[in-house]
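Report on one structure; see the data block that follows.
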Protein chains: 2
Amino acid sequence: MHLDVKGLAKLHDPVARETRVIDLGAPCKVCAIRHAASESQLSEEDETHLLSIASNVQLASGQLLFAESEAAEHLYSVVEGTMRLYKMMPDGRRQITGFLFPGDFLGLADDNVYAYSAEAVGRCSLYRYSFVQLRQLIGRYPEMEHKLCAIARHELAEAQDQLLLLGRKTARERVASFLVMLLERAARHGQEGDRLTMPMTREDIADYLGMATETISRTFTEFRSQGLIATDHVKDVTLLDRDELETIASGLD
Amino acid sequence: MHLDVKGLAKLHDPVARETRVIDLGAPCKVCAIRHAASESQLSEEDETHLLSIASNVQLASGQLLFAESEAAEHLYSVVEGTMRLYKMMPDGRRQITGFLFPGDFLGLADDNVYAYSAEAVGRCSLYRYSFVQLRQLIGRYPEMEHKLCAIARHELAEAQDQLLLLGRKTARERVASFLVMLLERAARHGQEGDRLTMPMTREDIADYLGMATETISRTFTEFRSQGLIATDHVKDVTLLDRDELETIASGLD
DNA sequence: CGTGAAGTTGAGTATGCTCAACGGTGGTGG
DNA sequence: CCACCACCGTTGAGCATACTCAACTTCACG
């Protein structure tokens, strides 16, 4: 089905792994707090508690943050940039389980082992929280556990939507769902209008939607020729007929 | 791709919804506690706390417990029988997001709304815990929130495995994965050996693996003719070559 | 302006779906 | 207890969707 030989190369050609970690000094804190708080769903108070144990991590484009089945020692939140989470099969087939944007958390692990690998899509800045310190923090502020639980439940709901997409939707429906989802996400983060920027490659999108890159390309072209979208640049899309795209996404076309 | 017209009928033909709810009297408690505790991953102490707010629900075969996007008022755990969780598309396409067995929890909701519908595969017995009382319980025993969080994280990890299956695995790989997963589950619940019983129909399996029932059938036949499995009855399978099935499941065949 | 990666387009094909017929099985009622 | 019936499962034939392979174009970056 997908004997992607290029994938094999990727497996054995990881981008160097040293991460630039910066302990947050007082001045950095102030400007960074506002940014993170405005994006995430946490209360400002929780943000402040979390930041007290945070350090900052900078990733180069394509750099690996952690790998699947590694011991999970840190929780992360995205400050700036986009992350991709994925699982690999031994022959190089890849399934991207999610894209993360500023305010999103990653690293919640089952059995203290990461369930997926995490890589930076472009340059990326994150906060890092050690689980050890996090547990102490929860000891003092038990309601923070509830927030973590809410994050996990939210991720779970998103994963289940994706199960429906991968198991039962057609190519058109998948791409339409993807576009609508990205636009909703952008709106939730304050971006108004029908334009959106997709920082990831066609291959990333393909591996997220369970398709081949060529089919992604063809579907974009089809949508363009039907007046549903316009692409100023390859990665900048305008949703010209959002209603129709939502109809397609839900399978009613 | 999947314009299943029969599905439409199903949509409007729900099994009656009255659930038999039994408040647990003292004698019932004693025998039931042991059963639930032996199956679930919770400590006996947590079990006891939970049971103090539990009532028992009995479902007939095919009966709906709750529907997607309904207000979530109760958490449930399976005592006996099998549950299927699923999402539907407007035209009747269905994606089963999971099968649940004794000891499993269901009903953890994002935004206080169920993310999926839940139905009994055969006759089914469950415990029901109201979220209101659960919150009080957590107030007294805060570490119980941590257990709920662990359940959510575990569900999340399982959903992500399923994403890889649905997005990137072939028919053979999906069915092999399914069989191996069921056997591991049976083993975790104390069932030894290579035999397992699948209480769900081929259609259920198909909707879980993102395939057509015919392809499920054909794949079982193929596995049988290759000496990988034996089927005494349609729903009773013996895994004759578990190693090979695991190899196929992971994509190395 | 050159080079390599990313994206698009085309042609042919394979995997798994649809439609259809048939066989088995389990549950119900006579 | 047996017979019937509906549902479930299996098998076959043909086909559609989306994949593979390949060539070409565009874009980003030095």
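The sequence lines fix the lettering, A, B, ..., with proteins before strands; numbering per chain opens at 1.
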Taking OP1 and OP2 of [N], is either one under 4.0 Å from a side-chain nitrogen or oxygen of [X]?
X: B:R224; N: D:dT10; result: yes
X: A:T170; N: D:dT17; result: no
X: A:S217; N: C:dT8; result: yes
X: B:H233; N: C:dG24; result: no

Look at the side chain of B:E203 against the base of D:dC8 and say whether a donor-acceptor pair falls under 3.5 Å; ignore hydrogens and angles.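 Side chain to base: no pair below 3.5 Å.
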[X] [atom1] to [N] [atom2]: how many Å, rounded?
X: B:R172; N: C:dG16; atom1: CZ; atom2: P; answer: 10 Å
X: A:M211; N: C:dG7; atom1: CE; atom2: C1'; answer: 14 Å
X: A:I205; N: C:dT8; atom1: CD1; atom2: C1'; answer: 14 Å
X: A:R202; N: D:dT26; atom1: CZ; atom2: P; answer: 15 Å
X: B:R218; N: C:dC17; atom1: CZ; atom2: C1'; answer: 9 Å
X: A:F220; N: C:dA6; atom1: CZ; atom2: P; answer: 16 Å
X: A:R174; N: D:dA18; atom1: CZ; atom2: C1'; answer: 10 Å
X: A:K235; N: D:dT26; atom1: NZ; atom2: P; answer: 18 Å

Please tell me which of the listed nucleotides, [options], lies nearest to the side chain of [X]?
X: A:E214; options: D:dT20, D:dC27, C:dC17; result: D:dT20
X: B:T221; options: C:dT9, D:dC8, D:dT10; result: D:dT10
X: A:T201; options: C:dG16, D:dC8, C:dA6; result: C:dA6

Select base, sugar-phosphate, or nothing to describe what A:T213 touches, counting heavy atoms under 4.0 Å on all strands.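 Counting heavy atoms under 4.0 Å across all strands, no contact is made by A:T213.
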Is it the case that B:R188 places NZ or CZ above or below the six-membered ring of B:F101, under 6.0 angstrom from the centre and within 45 degrees of the axis?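 No, B:R188 does not lie over the aromatic ring of B:F101.
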Please determine if A:R185 forms a cation-pi arrangement with A:F99, meaning its NZ or CZ atom is less than 6.0 Å from the six-membered ring centre and no more than 45° off the ring axis.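 Pair A:R185/A:F99 does not count as cation-pi.
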Decide side chain to side chain contact (heavy atoms under 4.5 Å, CB included) for A:L100 and A:Y76; before the verdict, give the C-alpha distance in whole Å, the side-chain angles of both, and the deciding distance to 0.1 Å. CA-CA 11 Å; A:L100 297 187; A:Y76 298 87; over 6 Å; no
Mind checking whether B:F66 and B:Y116 have parallel, tilted or perpendicular rings, split at 30° and 60°?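 Rings of B:F66 and B:Y116: tilted, 30 to 60°.
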Residue from B:R94, B:R202, B:R84 passing salt bridge (charged side-chain N to carboxylate O under 4.0 Å, His left out) with B:D207: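 Answer to the salt bridge (charged side-chain N to carboxylate O under 4.0 Å, His left out) test with B:D207 among B:R94, B:R202, B:R84: B:R94.
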